[in-house]
Amino acid sequence: MELTVKKLTVVSESHEYPIQKKGKGGGDEHDPGFLMDHRHLWMRDRRQWLILRVRATIIKAIRDYLDEHGFLLVDSPIFTGNACEGTTTLFATDWFDGSKAYLSQSGQLYQEATALAFGKTYCFGPTFRAEKSKTRRHLNEFWMVEPEAAFMDVHQDMDLAEDFLCYLVQTALTKHQAEMLEILPTNAEEKAWMEAHLKVLQGVQKPFPRISYDEAVRQIEAIRAEQKDAEQQKLLDIHWGMDFGSPHETELTKRYDKPIMVYGFPAAVKAFYMKKDPNRPEVALGFDVLAPEGYGEIVGGGQREDNLELLNKEIARHELNPESFLWYLDLRKWGSCPHAGFGLGVERTVAWVCGLHHVRETIPFARTLERLWP
RNA sequence: UCCGACAUAGCUCAGCUGGUAGAGCAUGUGACUGUUAAUCACAGGGUCCCUGGUUCGAGCCCAGGUGUCGGAGCCA
């Protein structure tokens with residue numbers, strides 16, 4: 001395209017722009033820390049511009065899907081009065097009467113209330129974790145969508161998560177596939193990787209492999225036996241009853257080119273509100289969806305304990321204060337029913353779809369352990 | 001909290017066995033003008049993260065500290 005300029009107006013002069021063009025070798029002229037310090041300008045870069053538009057597409061797809069499938073948006077509060085699952089992972093702030101308010105780390109408990117009132121609901125907003133996690137998968141402020149439905153069991157919950165995720169990925173691909181291939185890779189090697197990655201995403205169709213925790217443990221044991229590196233063997237140590245660590249998830253998902261659904265975790269390592277398998281009380285009716293290519297857990301969910309007596313026992317076993325949960329227990333006391341739901345992390349999903357190394361690029365202004373600027 | 005790596009010009013980095021600081025880009029001046037990652041010439045630009053130590057001499061070696069990044073744990 002060629003333009004014949006008839007008139008030129010300088011709207012604003014810009015001298016010594018802090019972010020430079022690519023170097024002659026084609027590599028980045030700046031390291032990630034510098035770029036994050038200039039996030040307010042960096043987002044004008046075409047790669048960042050695309051990533052944040054993919055995020056917007058995925059967010060719209062989340063709302064469209066749930067709205068069209070009978071879910072009502074009923075948001076959970078962000079301030080909560082009590083620390084539900086331990087204060088160490090919560091940000092505390094001063095409340096009016098000298099007490100503390102905590103920033104929500106999940107809207108789920110409130111979604112159980114709204115689902116029992118409206119049938120199918122979801123909340124979608126920022127979530128806060130005060131964990132001192134410094135990894136490419138963690139932010140201290142991130143966005144999570146949490147659908148919850150009455151009369152839904154864990155199997156229907158997994159069906160929903162599967163269908164939902166397929167819709168999100170395919171919607172993002174339909175809209176952005178061409179520009180993702182054109183813009184995201186910065187060299188020939190990355191371009192080849194992106195071509196393969198887009199094929200993987202095209203293959204994100206139902207059904208996903210569903211692997212029981214028991215089976216996953218067996219597979220990880222087999223993977224561990226193949227490892228030659230002693231360090232890696234140590235990291236992959238596993239036995240029934242242990243929760244998975246990142247190395248377990250990463251190695252397991254490398255074997256698949258679709259997201260996998262792992263279900264039936266040991267109840268002992270899961271949250272107090274998870275319903276137990278009536279046939280195997282040591283197993284919880286929860287599941288995780290693990291993205292391929294090592295992107296980790298993008299969905300966590302399951303069926304909730306709807307039996308008042310069993311729930312009380314779990315609260316005692318986890319040494320939680322029952323008074324904090326009086327309203328939550330009311331939900332079982334008056335008109336309860338089987339119900340289930342899940343949470344999907346927006347940034348991890350966007351990072352996976354875009355094939356990014358780090359989730360910090362998937363949110364306009366990342367908040368991490370060392371970053372409150374800009 | 002634990003483990004590891006790194007910290008040199010505005011930015012990205014090099015710097016040998018310890019001998020007193022370099023490149024590219026950016027910036028300034030000039031040349032050129034069909035450019036689009038412009039090109040050419042010249043120039044300016046440094047608390048080598050901080051403190052202490054070893055040494056005739058430390059960007060380099062040692063100790064402590066600070067900061068950044070990655071990983072573990074925890075999780076989306």
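The model shown is predicted, which means the values in this text are computed figures rather than measured ones. Only heavy atoms go into these numbers, but all of them, side chains included; no hydrogens, no water, no symmetry mates.
- Taking atom CD of residue A:Gln108 and atom P of nucleotide B:C75, one finds them 13 Å apart after rounding to whole Å.
- Rounded to whole Å, the separation between the P atoms of B:G15 and B:A9 comes to 15 Å.
- Taking atom CG on A:Asp37 and atom C1' on B:G67, their separation rounds to 12 Å, with Å as the unit.
- Side-chain atoms of A:Arg360 and base atoms of B:C69 include no donor and acceptor less than 3.5 Å apart.
- Base pairing annotation: B:A7 forms a Watson-Crick or G-U wobble pair with B:U66, both donor-acceptor distances under 3.5 Å.
- The residue A:Gly33 sits apart from the nucleic acid: no heavy atom pair falls under 4.0 Å.
- A gap of 10 Å separates the P atoms of B:C61 and B:A7, to the nearest Å.
- Taking atom P in both B:A5 and B:G52, the straight-line distance is 26 Å, to the nearest Å.
- Among B:C11, B:A72, B:C75, the nucleotide with an atom closest to any side-chain atom of A:His30 is B:C11.
- As rounded to whole Å, 13 Å separates atom P of B:U12 from atom CH2 of A:Trp42.
- At a threshold of 4.0 angstrom between heavy atoms, the contacts of A:Phe142 include nucleobase atoms, whether or not backbone atoms are also involved.
- Rounded to whole Å, the separation between the C1' atoms of B:G10 and B:C3 comes to 34 Å.
- Here the P atom of nucleotide B:A76 and the CZ atom of A:Arg129 are 5 Å apart, to the nearest Å.
- We find that CG of A:Leu356 is positioned 21 Å from P of B:A76, with the value rounded to whole Å.
- Closest to the side chain of A:Lys132, out of B:C69, B:A76, B:U1, is B:U1.
- Nearer the 5' end of RNA chain B, as judged by each residue's closest nucleotide, is the contact made by A:Arg137, out of A:Arg137 and A:Gly345.
- Pairing partner, B:C42: B:G28, with both Watson-Crick or wobble hydrogen-bond distances short of 3.5 Å.
- Smallest separation of non-hydrogen atoms from A:His155 and A:Arg210: O-NH1, 4.0 Å.
- Here, B:G4 and B:A76 have their C1' atoms 26 Å apart, quoted to the whole Å.
- When all heavy atoms of A:Lys120 and A:His69 are compared, the pair lying nearest together is NZ-O, 2.8 Å.
- With A:Tyr273 as the partner, the side-chain hydrogen bond (donor to acceptor under 3.5 Å, both in side chains) test is satisfied by one option alone out of A:Gln108, A:Glu314, A:Arg304, A:Glu305: A:Gln108.
- Using the Watson-Crick or G-U wobble rule with both distances under 3.5 Å, B:G19 pairs with B:C56.
- A donor-acceptor contact under 3.5 angstrom links the side-chain atoms of A:Ser133 to the base of B:C74.
- In this entry the distance linking NZ of A:Lys134 with P of B:G67 reads 10 Å, nearest Å.
- Remark: A:Asp243, A:Gly245, A:Ser246, A:Pro247 in residues 236-247 of chain A come within less than 4.0 Å of RNA chain B through at least one heavy atom.
- Ranked by how close their nearest RNA chain B nucleotide is to the 5' end, A:Thr368 and A:Ile298 are led by A:Thr368.
- On the P atoms, B:G24 is 26 Å away from B:C6, given to the nearest whole Å.
- For the residue pair A:Met274 and A:Gly301, the shortest heavy atom distance occurs at CE-O, 3.7 Å.
- The P atoms of B:C48 and B:C11 are separated by 15 Å, rounded to the nearest whole Å.
- Side-chain atoms of A:Glu249 and A:Ser246 form no donor-acceptor pair, as typed in the model, at a separation below 3.5 Å.
- Within 4.0 Å (heavy atoms only), A:Leu235 reaches no atom of the nucleic acid at all.
- Here the closest non-hydrogen pair linking A:His138 and A:Arg348 is NE2-NH2, 3.6 Å.
- Note: A:Tyr213 and A:Trp240 have perpendicular aromatic rings, judged against thresholds of 30 and 60 degrees for the angle between ring planes.
- The hydrophobic clustering, which links ILVMFWY residues whose side-chain heavy atoms are closer than 4.5 Å, places A:Met261 and A:Phe244 apart.
- Atom pair A:Glu141:CD and B:C75:C1' shows a separation of 16 Å (rounding to whole Å applied).
- Among the heavy atoms of the strands lying under 4.0 Å from A:Val299 are primed sugar atoms or P, OP1, OP2 only; no base atom is included.
- Figure legend. B:U35 is base-paired to no nucleotide; pairs are counted as Watson-Crick or G-U wobble with both atom distances under 3.5 Å.
- If you check every strand for non-hydrogen atoms under 4.0 Å, A:His357 touches nothing.
- Spacing of C1' atoms, B:C40 relative to B:G19, comes out at 37 Å, to the nearest Å.
- Side-chain rings of A:Tyr110 and A:Trp327 approach one another, their centers coming within less than 6.0 Å.
- For the atom pair CZ (A:Arg371) and CG (A:Asn140), the distance works out to 12.5 Å, reported to the nearest 0.5 Å.
- With rounding to whole Å, A:Glu297 atom CD is found 11 Å from B:C74 atom P.
- Summarising the base pairing, B:G73 is matched to no nucleotide, lacking a Watson-Crick or G-U wobble pair whose two defining distances lie under 3.5 Å.
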